[in-house]
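Heads up: the structure comes next, in structure tokens.
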Amino acid sequence: MNAIKNRISSSIVWIFVGAYTLTIIGPMLYLLLSSFKNSQQLYSQPLAPPHPLMASNYTTAVHAGNLFSGIRNSFIVTTGVVLLSLAISLPAAYGIARIPSRLSRLLERGFAVGLLIPTFSILIPAFLLAAKSGFLGTQKFYIVFMPATALSFSIVVLVQFMRAIPMQLDEAATIDGASHWKIFTRIILPLSKAGLAVVAVFNFVTYWNEYLFSLVLIGVGKGRTVQVALPILQGDRVTDYGLVAAGAVVATLPILIVFIIFRRRMQGAMLSGAVKG
């Protein structure tokens, strides 16, 4: 009887897993197939395999939208935002997690509340600040300003990872004469690599796909990001959606590469959380 129940329960689980997988893979597969079609094929046979393959969509999209330049700009600003946000959030998370006090608890609650504030609510103040400082339309202001929108998530996540590290390690290092800086750099950081990977990948994906702030703060000039460059592929009257799909695939490839590189770290973070739980 128990064996039958286990089979039924496992079958139900696999059904839900399969359905969830289809909801993720389905749109991605549709986008990939659409990138090899023209508009007529998309309208007449939206789910059929492309025939013939319109591989020219990719070369046209890359040249028409100057996507390689946009990818380079996106990589510069996204990497800058990720590195600067980590440089600020890591010491802050260490102070909150490893130096308990009333102030650290208050700061943690403050950053947690920051997760509830919609990012677009600071768009107008950011625009005015960039305009008055003379850095509107530059990547520099974007790289310096946008880490502020990533601090709440980064600090909250890193605090949880750092708290999972036994305090006995800090106490033993303190007895040996280690300062907070040595404890932070030689003990906490190496043991928080999984948390660093989670925060870095999440922020990279977030700011790679970011469009509104890139459009307003950087603009559509030479420094435009790939997300701002994609709408150029749309026509004024008629849009070749196969061309747009090809551009979207090209813009998505760097995210896939980053995920593949950090995949093991992400898996280690999930497994360590499951073991500790």
Side-chain angles (χ1 to χ4, degrees), residues 60-93 110-111 114-158 196-236 243-244 246-259 261-262:
T60 305
V62 168
H63 288 90
N66 199 8
L67 295 186
F68 284 159
S69 176
I71 289 175
R72 184 185 67 248
N73 293 330
S74 290
F75 184 79
I76 292 173
V77 299
T78 303
T79 303
V81 171
V82 170
L83 293 179
L84 187 55
S85 63
L86 286 176
I88 299 172
S89 59
L90 277 170
F111 284 115
L115 293 172
L116 305 177
I117 301 175
T119 304
F120 65 84
S121 64
I122 61 174
L123 179 61
I124 294 178
F127 172 80
L128 295 176
L129 180 61
K132 290 184 179 180
S133 62
F135 288 100
L136 183 63
T138 64
Q139 296 177 356
K140 295 179 181 179
F141 183 84
Y142 185 91
I143 293 173
V144 172
F145 176 80
M146 292 306 290
T149 64
L151 288 183
S152 292
F153 170 81
S154 301
I155 290 176
V156 169
V157 172
L158 289 173
L196 286 173
V198 171
V199 172
V201 171
F202 181 86
N203 286 338
F204 187 90
V205 173
T206 298
Y207 293 100
W208 182 273
N209 292 325
E210 199 280 317
Y211 173 77
L212 186 58
F213 279 84
S214 299
L215 177 64
V216 174
L217 299 181
I218 299 177
V220 296
K222 293 183 179 180
R224 67 182 179 227
T225 61
V226 67
Q227 302 301 333
V228 177
L230 283 178
I232 298 176
L233 301 177
Q234 297 180 356
D236 295 332
L243 190 66
V244 175
V249 171
V250 173
T252 306
L253 286 178
I255 298 178
L256 182 61
I257 294 172
V258 169
F259 179 79
I261 294 174
F262 288 93

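In this text, all values refer to a predicted model and were calculated from it rather than measured experimentally.
- Between F259 and V205, the closest side-chain pair of non-hydrogen atoms is not below 4.5 Å.
- For the residue pair Y207/S85, the side-chain donor-acceptor check at 3.5 Å is not satisfied.
- Taken from CD1 in I88 to CD1 in I155, the straight-line distance is 8.5 Å, to the nearest 0.5 Å.
- For N73 (side chain) and K222 (main-chain N/O), a donor-acceptor pair under 3.5 Å exists by modelled atom type.
- A donor-acceptor pair under 3.5 Å links the side-chain atoms of S74 to the main chain of V226, judged by distance alone.
- For I124, the CD1 atom is loosely surrounded, since the number of other residues' heavy atoms within 6.0 Å does not exceed 12.
- Taking every heavy atom of both residues into account, V228 and V220 meet most closely at CG1-CG1, 3.7 Å.
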Let's go through T225 and V77 carefully: what are the C-alpha distance in whole Å and the side-chain angles of both, what is the deciding distance for side-chain contact (heavy atoms from CB on, under 4.5 Å) to 0.1 Å, and is it a yes or a no? CA-CA 8 Å; T225 61; V77 299; 4.0 Å; yes

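- Rounded to the nearest 0.5 angstrom, L115 CG and L151 CG are separated by 11.0 Å.
- Heavy atoms only, all atoms of each residue included: L243 and A61 are closest at CD1-N, 3.5 Å.
- A donor-acceptor contact shorter than 3.5 Å links the side chain of E210 to the backbone of S214.
- L123 contributes atom CG, which lies 11.5 Å from atom OG1 of T149 (distance to the nearest 0.5 angstrom).
- For the pair Q139 (side chain) and G223 (backbone), a donor-acceptor distance under 3.5 Å is present.
- Taking CG of L136 as the reference point, atom CZ of F127 lies at 5.0 Å (rounded to 0.5 Å).
- Closest heavy-atom contact between V81 and M146: CG2-CB, 3.9 Å.
- With rounding to the nearest 0.5 angstrom, the CG atom of L256 is 10.0 Å from the CD1 atom of I261.
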Can you list the steps and then say if L230 with L67 is a side-chain contact (heavy atoms from CB on, under 4.5 Å)? CA-CA 8 Å; L230 283 178; L67 295 186; 4.1 Å; yes

W208 vs V258, test: side-chain contact (heavy atoms from CB on, under 4.5 Å). Steps then yes/no. CA-CA 11 Å; W208 182 273; V258 169; over 6 Å; no

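- If you look at F213 and Y142, their ring centroids are not closer than 6.0 Å.
- Pairing each heavy atom of V199 with each of F153, the nearest pair is CA-CE2, 4.4 Å.
- The closest donor-acceptor contact from the side chain of S121 to the backbone of P118 lies under 3.5 Å.
- Put simply, the side chain of F202 does not reach to within 4.5 Å of the side chain of S154, judged on heavy atoms.
- Annotation for P254 and I71: closest pair CG-CG2, 4.2 Å, computed over non-hydrogen atoms.
- Side-chain contact between L129 and F141 is present, with heavy atoms from C-beta onward closer than 4.5 Å.
- Among all heavy-atom pairs drawn from L233 and G65, the shortest one is CD2-N, 3.7 Å.
- Two residues are said to be in side-chain contact when any heavy atoms from C-beta on lie closer than 4.5 Å; N209 and I255 meet this criterion.
- Atom NZ in K140 sits 6.5 Å away from atom CZ in F135 (nearest 0.5 Å).
- Within the 4.5 Å cutoff, the side chain of L86 has heavy atoms near those of the L196 side chain.
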